[in-house]
Peer 1: 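So that we are looking at the same thing, I have put the structure below in structure tokens.
Only heavy atoms go into these numbers, but all of them, side chains included; no hydrogens, no water, no symmetry mates. Every chain is numbered from 1 and lettered A, B, ... according to where its sequence line falls, protein lines coming before strand lines.
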2 protein chains.
Amino acid sequence: MTLSSSEENYIKAIFQLQVKDGMVSTNEVAAVLQTSAASVTDMLKKLKTKKLLVYEKYKGFKLNNEGRKLAIMVIRKHRLWETFLVNILHFNWDEVHEIAEQLEHIQSQQLIDHLDDFLGNPAFDPHGDPIPDASGKMPYQSQLNLNQFPLQIAGEVSAVGSQSPDILSLLEHKKITIGAKLKVMQNFAFDNSFEINVNDKERVHISSQLAEQIYVKKILHDSK
Amino acid sequence: MTLSSSEENYIKAIFQLQVKDGMVSTNEVAAVLQTSAASVTDMLKKLKTKKLLVYEKYKGFKLNNEGRKLAIMVIRKHRLWETFLVNILHFNWDEVHEIAEQLEHIQSQQLIDHLDDFLGNPAFDPHGDPIPDASGKMPYQSQLNLNQFPLQIAGEVSAVGSQSPDILSLLEHKKITIGAKLKVMQNFAFDNSFEINVNDKERVHISSQLAEQIYVKKILHDSK
DNA sequence: AATAAATTTTAGACAAATCTAAAATTTATT
DNA sequence: AATAAATTTTAGATTTGTCTAAAATTTATT
């Protein structure tokens, strides 16, 4: 089954929406792809005849097994290309999305296999997102030390390294709890300290020692 | 000026044809692109309104300066990607054309610049074709030693290393003259000798020592 | 130079992917 | 439960790139 770029964009968008929502709606897809609801309906009909999704009009839809498999392969391509652009061509991680959007549609299984090998079969892309392997298996969403967590990416505190009261009182003081939302705004090379945003409100400064004790998980969200 | 994939394919084809022919005809382009003459006419009108070529109906056409510049940039992209596929991803030189046909249409000046740097600003691609630099300057068609000449590629004897009668008599014996057409069919690793085709007729065997004295130029031809 | 052959262009149609506006359906509200 | 609001689908149009068949033009041949 070979898909057009447009079809690939739709199944990728549907896949990412259904991970959280289960059933997906026409408007959601239209919003993600910046297109009209009517265009989405047109494409749904087409993808249904290609047997890539379960769809009954007015009732919502979701990808079936075949559609899911294809979506994962598009995501695999996208993330491998992003890894290439950042690790090999030295782009910044925030410049690569648009280019990877184009590269992900290149049709050649061999190309992806070779690229994957060349990159050393990476498990995560530069944004910290998991890269599905050739069989479609997706590594677990990584829990990263705050030290290694990418800048400007929404994360959620998933664990704390030590339970010592000293640390906990400091964390409490900074409103950092398990499940707290945070975003690393800046890293200061001098002492490897961090400026971070907690729960979209507090701006706090974290020492290198404290950062080492905080584990963060990327918050799953829409695009890419 | 941004072009669609289709437009890029047309100006590339016209460019390669006009290098030899000067003026290009509708049928020639149709043959190269495997499409109908009517489609070519349609595209010519479009490219004319975009001011990329000089065209008067029934009179033939050719790219103007702007069109030529754009064509050269497409060729640059194609050849850089081929170099990447062969040198970095270890494809064989005969597997890369189709993939490069897709990659050449990715739109990002930055991507090409970074790729060029990563590859070490190569002057020739794996087929021995010159790669235009960022300003559009094309290196002279390389004259390669027979030892380094790619397999299965049509070449033309351009020079001989020494004029000693011993060599010339051997060359004469093998019908290898300046201007003779040849194609390297096989290279034997044991003694680095070659099996080559001369003038599409004779099959001759060339010792490593003799090969070293023969210089070959790629014969310019249609596609790629 | 007249006619035949080849080439090129026009005319009209089609598929893919999109749009807007109106109609159909579902969901929410009074 | 009736009506209003939101969502989704249909109907019909548009753009890009393509096609075939017929008409126009050029080139070659007798």
Peer 1: Within the structure, does a side-chain N or O atom of B:Ser39 lie under 4.0 Å from either OP1 or OP2 of D:dT18?
Peer 2: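 The answer is no; no side-chain N or O of B:Ser39 sits under 4.0 Å from OP1 or OP2.
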Peer 1: Go through C:dT20, D:dT8, C:dT8 for me and flag the one nearest to the A:Ala38 side chain.
Peer 2: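 When the side chain of A:Ala38 is considered, C:dT20 is the closest of C:dT20, D:dT8, C:dT8.
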Peer 1: Calculate the interatomic distance between A:Glu7 atom CD and C:dA16 atom C1'; express it in whole Å.
Peer 2: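 Rounded to the whole Å, the gap is 9 Å.
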Peer 1: Parallel, tilted or perpendicular: which fits the ring planes of A:His78 and A:His97, with parallel below 30° and perpendicular above 60°?
Peer 2: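 If you compare the ring of A:His78 with that of A:His97, the planes turn out tilted.
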Peer 1: Side chain of B:Asp42: nearest nucleotide among D:dA11, D:dT8, C:dT10?
Peer 2: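 The closest nucleotide is C:dT10.
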Peer 1: Rounded to whole angstrom units, what separation is found between the CG atom of B:Leu44 and the P atom of C:dT7?
Peer 2: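 The distance from CG of B:Leu44 to P of C:dT7 comes to 16 Å, rounded to the nearest Å.
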Peer 1: Taking 4.0 Å as the cut-off, does a side-chain nitrogen or oxygen of A:Lys59 come that near to OP1 or OP2 on C:dT25?
Peer 2: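 Checking A:Lys59 against C:dT25: no side-chain N or O falls below 4.0 Å of OP1 or OP2.
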Peer 1: Any base atoms under 4.0 Å from B:Ser36, or only sugar-phosphate, or nothing? Heavy atoms, all strands.
Peer 2: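 Base, at least one base heavy atom under 4.0 Å.
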Peer 1: With distance as the sole criterion, is a donor-acceptor pair present between the side chains of A:His90 and B:Asp117 under 3.5 Å?
Peer 2: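 Note: A:His90 and B:Asp117 side chains miss the donor-acceptor criterion.
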Peer 1: So, does B:Lys57 get its side chain near the phosphate of C:dT10, meaning an N or O under 4.0 Å from OP1 or OP2?
Peer 2: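 Yes.
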Peer 1: Using a cut-off of less than 4.0 Å, is there contact between a side-chain N or O of B:Ser25 and OP1 or OP2 of C:dT7?
Peer 2: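 For C:dT7, neither OP1 nor OP2 has a side-chain N or O of B:Ser25 closer than 4.0 Å.
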Peer 1: Give the minimum heavy-atom separation between B:Lys62 and B:Leu53, together with the two atoms involved.
Peer 2: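 Looking at all heavy atoms of both residues, the closest pair is O-CB, 3.2 Å.
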Peer 1: Side chain of A:Tyr55 only, please: which of C:dT10, D:dT10, D:dT9 is the nearest?
Peer 2: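 Output: D:dT9.
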Peer 1: Distance alone, cut at 3.5 Å: any donor-acceptor contact between the side chains of B:Ser135 and B:Asp133?
Peer 2: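 Yes, B:Asp133 and B:Ser135 have a side-chain donor paired with an acceptor closer than 3.5 Å.
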Peer 1: Base, sugar-phosphate or nothing for B:Thr41? Non-hydrogen atoms, less than 4.0 Å.
Peer 2: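 Base contact.
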Peer 1: Ignoring the backbone of A:Tyr58, work out which of D:dT9, D:dT26, D:dT18 is nearest its side chain.
Peer 2: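 Nearest to the side-chain atoms of A:Tyr58, counting from C-beta on, is D:dT9.
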Peer 1: Report the distance from atom CZ of B:Phe61 to atom C1' of C:dT8, rounded to the nearest whole Å.
Peer 2: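 One finds 10 Å between C1' of C:dT8 and CZ of B:Phe61, rounded.
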Peer 1: Whole angstroms only, please: what is the CD-C1' distance between A:Glu28 and D:dT8?
Peer 2: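 From A:Glu28 CD to D:dT8 C1': 13 Å.
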Peer 1: Hunt down the Watson-Crick or G-U wobble partner of D:dA21, both distances under 3.5 Å, from any strand shown, or write none.
Peer 2: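 Paired with D:dA21, as far as the under-3.5 Å criterion goes, is C:dT10.
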Peer 1: Base, sugar-phosphate, or nothing: which does B:Thr26 touch, judged by heavy atoms less than 4.0 Å apart?
Peer 2: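 It contacts sugar-phosphate atoms only.
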Peer 1: Once you round it to whole Å, what is the distance between P of C:dC19 and CG of A:Leu33?
Peer 2: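 Taking CG of A:Leu33 and P of C:dC19, I get 10 Å after rounding.
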Peer 1: So, is A:Asn27 near the phosphate of D:dA6, with a side-chain N or O under 4.0 Å from OP1 or OP2?
Peer 2: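 Answer is no, no contact under 4.0 Å.
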Peer 1: Any chance the rings of B:Phe84 and B:Phe91 have centres within less than 6.0 Å?
Peer 2: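 No, too far apart.
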Peer 1: Just how far, in rounded Å, is P of C:dT18 from CD of A:Gln34?
Peer 2: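 Spelled out: CD on A:Gln34 to P on C:dT18 is 13 Å.
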Peer 1: Distance check: side-chain N/O of B:Thr35 vs OP1/OP2 of D:dC19, anything under 4.0 Å?
Peer 2: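 Yes, such a contact exists.
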Peer 1: Which whole-number value in Å describes the distance from A:Met43 CE to C:dA16 P?
Peer 2: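 After rounding, the reported distance stands at 10 Å.
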Peer 1: Of all the heavy-atom pairs spanning B:Gln148 and B:Leu144, show the shortest one and how long it is.
Peer 2: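 Where B:Gln148 meets B:Leu144 most closely, the heavy atoms are O-CD1, 3.9 Å.
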Peer 1: Could you check whether B:Tyr10 gets within reach of a base, just the sugar-phosphate, or nothing at all, counting any heavy atom under 4.0 Å?
Peer 2: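 Here B:Tyr10 touches the backbone only, sparing every base.
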